[in-house]
Amino acid sequence: MNHGMPENRAPPSKWRRNGALALFLALGSFFLWTEHRAHLFGALPYILVLACPLMHLFLHGGHGRHDGDKP
């Protein structure tokens with residue numbers, strides 16, 4: 001018995017699925033930003049201080065090596 005519902009209903013379009021995902025991510029990002037902004041700004045000085053030694057450790061790994069100078 002068919003109650004007014006088509007039997008072969010088309011799935012949602014790709015744009016509709018992507019739009020729903022984008023809306024969900026935008027809302028989630030907004031609420032994360034508004035609720036945790038104070039924590040981020042409170043930790044920002046420590047993050048900047050820790051960034052210096054980590055950059056030297058990982059980004060300056062090739063300095064000081066003179067393996068090509070051996071005869």
Side-chain angles (χ1 to χ4, degrees):
M1 187 171 207
N2 192 356
H3 294 283
M5 299 285 273
E7 293 207 15
N8 52 356
R9 207 166 104 186
S13 70
K14 182 174 90 171
W15 294 106
R16 187 173 180 147
R17 283 190 312 246
N18 289 342
L21 179 64
L23 179 66
F24 176 75
L25 289 175
L27 284 173
S29 299
F30 171 75
F31 284 117
L32 276 173
W33 174 252
T34 56
E35 294 295 325
H36 298 288
R37 178 176 44 206
H39 304 301
L40 177 66
F41 289 149
L44 194 58
Y46 302 109
I47 292 171
L48 290 174
V49 168
L50 284 175
C52 293
L54 290 175
M55 284 189 338
H56 282 283
L57 207 106
F58 292 112
L59 298 178
H60 293 284
H63 289 275
R65 295 186 183 152
H66 298 286
D67 294 337
D69 293 340
K70 293 182 181 176

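Here the structure is a predicted model, which is why all the values come from computation and not from measurement.
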**Student:** Would you say the side chain of F31 lies within less than 4.5 Å of the side chain of T34, judging by non-hydrogen atoms?
**Tutor:** yes
**Student:** Would you give the length of the straight line joining atom CG of L25 to atom CG of L21, rounded to the nearest 0.5 angstrom?
**Tutor:** 4.5 Å
**Student:** Between H39 and E35, which heavy-atom pair has the shortest distance, and what is it?
**Tutor:** CD2-O, 4.2 Å
**Student:** Enter the distance from L59:CG to L54:CG here, rounded to the nearest 0.5 Å.
**Tutor:**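 These two atoms lie 9.5 Å from each other.
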